[in-house]
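Along the sequence shown, residues carry numbers from 1.
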Amino acid sequence: GAERYFTRWYKPDVKGRPCEDFCVLQHSNICVITLAEAHPLLQSGKTIKNINYQISANCSRLQNKVSGKSKRTYLFVFQMQGAQFLTELAPLCRISSSDGEEYTIYSCIRGRLIEVNENILSNPALLQEKPSTEGYIAVVLPKFEESKSITQGLLTQKEYEEVLLKRRSSAS
């Protein structure tokens, strides 16, 4: 379903961290934030130990409460109240792997946080097994007037594949 209904956009090397790439699945006026294929957490041998949506002492993404008409249809969200506003570099969660590495997952786009995927808290393997579907990180709703420009600064699938090719050729 993700391939059919969503357009994939990529943000590589977020905050200058090599291979920490994210994917934004865009459909109409919503965006689903996921890990990109080359993210270190999706490489073989990594095991996810912990996922934490507590960003700071005063900010937990789990406390995000959205109310308003049609909040579950996403395509027609009206009068939305209470959603946390995110900038492109707003942290969504932190993920620890069994090798001691910690990764911060960022929004990559500006908008309102509609929901976080609480299912990955009890089943972190979903992040690795189904990153574009059941293992998504969060759903973000860009401002309507920004919905056309949110992909500026993101790469298309083809451009991202070129980045991956350059990485492989420089590694060998």
**Message:** Run Ile48 and Leu41 through side-chain contact (heavy atoms from CB on, under 4.5 Å) and show every step you take.
**Reply:** CA-CA 7 Å; Ile48 296 172; Leu41 284 166; 4.0 Å; yes
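- Of the inter-residue distances, the one linking Arg8 atom CZ with Ser132 atom OG reads 3.5 Å to the nearest 0.5 angstrom.
- Tyr10 and Glu161 share no donor-acceptor pair across their side chains, judged by distance under 3.5 Å alone.
- Remark: the backbone N or O of His39 is not paired with any side-chain donor or acceptor of Glu20 at under 3.5 angstrom.
- How far CD1 of Ile95 is from OH of Tyr53: 7.5 Å, rounded to the nearest 0.5 Å.
- Side chains of Thr104 and Arg17: no donor on one and acceptor on the other come within 3.5 Å.
- Residues Arg61 and Gln84 bring a donor and an acceptor atom of their side chains to less than 3.5 Å of each other.
- Considering OG1 of Thr156 and CH2 of Trp9, their distance stands at 6.5 Å, rounded to 0.5 Å.
- There is a side-chain donor-acceptor pair under 3.5 Å between Tyr136 and Glu115.
- Residues Lys46 and Asp99 are paired through a salt bridge, judged by an N-O separation under 4.0 Å between the basic side chain and the carboxylate.
- Between atom CD1 of residue Ile51 and atom CD1 of residue Ile105 there is a gap of 9.0 Å, rounded to the nearest 0.5 Å.
- Separating the CG atom in Leu141 from the CZ atom in Phe85 is a distance of 10.5 Å, to the nearest 0.5 Å.
- Of the charged side-chain nitrogens involved, none lies within less than 4.0 Å of a carboxylate oxygen, so that Lys166 and Glu162 do not count as a salt-bridged pair.
- With rounding to the nearest 0.5 angstrom, the OG atom of Ser96 is 10.0 Å from the CD atom of Glu101.
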